[in-house]
Amino acid sequence: VDLIASVVAAPGPPTPAKRKPTKKTKKAVVFFEVEILDAKTKDKLCFLDKVGKVLPSFSLHWYPARQSIRLDPKGKSLKDEDVLQHLPVGTTATFYFRDLGAQISWVTVFLTEYAGPLLIYLMFYFRVPFIYAPKYDFTTSKHWVVHLACMCHSFHYVKRLLETLFVHRFSHGTMPLRNIFKNCTYYWGFAAWMAYYINHPLYTPPIYGEQQIRLALTVFLFCQIGNFSIHIALRNLRPPGSKTRKIPYPTKNPFTWIFLLVSCPNYTYELGSWLGFTLMTQCLPVAFFTLVGFIQMTVWAKGKHRSYLKEFRDYPTLRSPILPFIL
């Protein structure tokens, strides 16, 4: 009986105590003290206390698009999405302000740049008065390549205008207002120079005649389609309203396969288009315009290529900026 009693009375295994639900520990919020100095004079412009992760927008007598905030007076501008905790600054940070000057939207700039050459070229093509001798006013050229060149030139700039309105997605909303005068001088001036000679009453057609013109037209149209295909591929990389950057890769469109070898194939196709137009018209001003454009596009392509290599560690090393295996 005593044995049975001891067994019954023996305490069983202790029941585990119910743990009280622990509260999630909140991460301490880090606040920054931000001092804004003038990039030129180093004068103190303002002081911001208890700034969170992102530098807030503030007014220094200029609208936001005109303001540039930098870590170094001569450095690059910080992006709107930059996080203070990821920047090489302490809890007390010093930034530098620079006035970028009056700004204008990229869409407005592109529309102005491209509408000018389209209209200017047509003025020479239709022989408006005061351009050539009075006896040639409102006459048409006897060479059919002149009419073909006008159609190709107009097609190129109409395409650019439509792409500006419906295809391109810009990472930056504005650019300095002074650039529009420089860009328009370049585009409008070259358009007038080319149009004057191509539509001149004494213009002579290419030396190899119809064969040269047809080959040039094939090159021009091929590169125009390729350029448009690249713009569509680049557009699809960036969702509407975002500034995300991705590595561009070839798609099912064969015109995009050049991405295997080139970082900026839109410039490659652009160069091919103007080479075709030069061959079609056999006009020295067109050749000079092509050369100047190639030099400028090479500078842009090299800059974008360096940016890709710096931003993406897995960026394809086989690619060249603008010309496969060459440049």
Side-chain angles (χ1 to χ4, degrees), residues 110 112-163 182-228 255 265-299 322-323 326-327:
F110 279 5
T112 307
E113 288 178 1
Y114 303 151
L118 177 63
L119 298 176
I120 290 173
Y121 194 99
L122 291 176
M123 290 173 58
F124 285 87
Y125 174 75
F126 288 112
R127 307 279 181 85
V128 297
F130 310 110
I131 294 180
Y132 302 113
K135 64 179 180 179
Y136 297 113
D137 290 348
F138 306 108
T139 61
T140 57
S141 176
K142 59 182 179 180
H143 303 296
W144 65 277
V145 66
V146 173
H147 310 302
L148 179 63
C150 180
M151 288 187 287
C152 290
H153 188 275
S154 300
F155 173 81
H156 174 75
Y157 282 104
V158 168
K159 167 184 164 293
R160 282 193 169 189
L161 290 170
L162 294 177
E163 286 176 342
K182 176 181 64 177
N183 294 2
C184 287
T185 299
Y186 169 77
Y187 282 106
W188 294 18
F190 266 113
W193 191 23
M194 292 187 295
Y196 176 83
Y197 284 98
I198 296 174
N199 298 285
H200 197 282
L202 301 179
Y203 170 79
T204 56
I207 188 172
Y208 292 105
E210 187 173 334
Q211 292 182 346
Q212 179 176 339
I213 296 171
R214 290 189 175 183
L215 174 61
L217 178 62
T218 302
V219 172
F220 177 85
L221 294 177
F222 179 88
C223 291
Q224 287 289 295
I225 297 173
N227 180 266
F228 177 75
F255 286 95
N266 51 321
Y267 296 148
T268 310
Y269 282 124
E270 181 78 7
L271 172 62
S273 296
W274 286 108
L275 285 175
F277 195 74
T278 303
L279 185 64
M280 179 191 304
T281 58
Q282 199 171 295
C283 182
L284 185 60
V286 180
F288 189 69
F289 175 73
T290 303
L291 176 62
V292 174
F294 171 62
I295 295 173
Q296 180 61 73
M297 288 187 290
T298 300
V299 174
I322 188 170
L323 297 179
I326 300 176
L327 188 64

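Positions are given from 1 along the sequence. Everything quoted here is computed from the prediction, not taken from an experiment.
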Study note, to complete from the structure: Only one of W188, F190, Y197 passes ring pair (Phe, Tyr, Trp, His ring centres under 6.0 Å) with F289, and that residue is F190
Exercise for review: Could you check L323 against F294 for side chain to side chain contact (heavy atoms under 4.5 Å, CB included), going step by step and ending with a plain yes or no?
Suggested key: CA-CA 11 Å; L323 297 179; F294 171 62; 4.0 Å; yes
Exercise for review: Please step through side chain to side chain contact (heavy atoms under 4.5 Å, CB included) for the pair F124 and I198, ending with a clear verdict.
Suggested key: CA-CA 9 Å; F124 285 87; I198 296 174; over 6 Å; no
Practice item. Give a yes or no on this: more than 12 heavy atoms of other residues, nucleotides or ligands lie within 6.0 Å of atom CZ of F228. Key: no
Could you state the interatomic distance from [atom1] ([X]) to [atom2] ([Y]), rounded to the nearest 0.5 Å?
{"X": "L327", "Y": "T298", "atom1": "CG", "atom2": "OG1", "answer": "5.0 Å"}
{"X": "D137", "Y": "R127", "atom1": "CG", "atom2": "CZ", "answer": "9.5 Å"}
{"X": "H143", "Y": "I213", "atom1": "NE2", "atom2": "CD1", "answer": "10.0 Å"}
{"X": "L271", "Y": "I295", "atom1": "CG", "atom2": "CD1", "answer": "11.0 Å"}
{"X": "Q212", "Y": "L279", "atom1": "CD", "atom2": "CG", "answer": "4.5 Å"}
{"X": "M297", "Y": "T290", "atom1": "CE", "atom2": "OG1", "answer": "8.0 Å"}

Heavy-atom donor-acceptor pair, [X] side chain to [Y] backbone, under 3.5 Å:
{"X": "N266", "Y": "N227", "result": "no"}
{"X": "E113", "Y": "N183", "result": "no"}
{"X": "Q282", "Y": "I207", "result": "yes"}
{"X": "S141", "Y": "V146", "result": "no"}
{"X": "N199", "Y": "A195", "result": "yes"}

Exercise for review: Show your working on side chain to side chain contact (heavy atoms under 4.5 Å, CB included) between Y267 and Q296 and close with a plain yes or no.
Suggested key: CA-CA 10 Å; Y267 296 148; Q296 180 61 73; over 6 Å; no
Review point. What residue pairs, at least two apart or across chains, pass ring-ring contact (aromatic ring centres under 6.0 Å, His included) with a residue in residues 201-220?
Key: none
Practice item. Please collect all salt bridge (charged side-chain N to carboxylate O under 4.0 Å, His left out) contacts where either partner lies in residues 287-299, sequence neighbours excluded, each pair once. Key: none
Measure across [X] and [Y] and return the closest heavy-atom pair with its distance rounded to 0.1 Å.
{"X": "L217", "Y": "C152", "answer": "CD1-SG, 3.7 Å"}
{"X": "L122", "Y": "C150", "answer": "CD2-SG, 3.7 Å"}
{"X": "I131", "Y": "V128", "answer": "CD1-CG2, 3.1 Å"}
{"X": "V219", "Y": "G276", "answer": "CG1-CA, 4.1 Å"}
{"X": "Y121", "Y": "A191", "answer": "CD1-O, 4.3 Å"}
{"X": "M280", "Y": "A149", "answer": "SD-CA, 4.1 Å"}

Review point. Are the aromatic ring centres of F255 and F222 under 6.0 angstrom apart?
Key: yes
Practice item. Look at the rings of Y187 and Y114 and say which category their plane angle falls in: under 30° parallel, 30 to 60° tilted, over 60° perpendicular. Key: perpendicular
Exercise for review: Check the angle between the aromatic planes of Y196 and H200 and answer parallel, tilted or perpendicular using the 30° and 60° thresholds.
Suggested key: perpendicular
Point to revise | Lys NZ or Arg CZ of R160 over F110 ring: under 6.0 Å, within 45° | key: no
Exercise for review: For side chain to side chain contact (heavy atoms under 4.5 Å, CB included), just list the numbers for T281 and V145, CA-CA rounded to whole Å, side-chain angles, deciding distance to a tenth of an Å, and then say yes or no.
Suggested key: CA-CA 7 Å; T281 58; V145 66; 5.5 Å; no
Practice item. Write out all pairs satisfying side chain to side chain donor-acceptor pair (under 3.5 Å) with one or both partners inside residues 145-154, taking only residues at least two apart or from two chains. Key: Y125-H147
Check your understanding: If we only count heavy atoms from C-beta on, is the P117 to H156 side-chain gap below 4.5 Å?
Key -> no
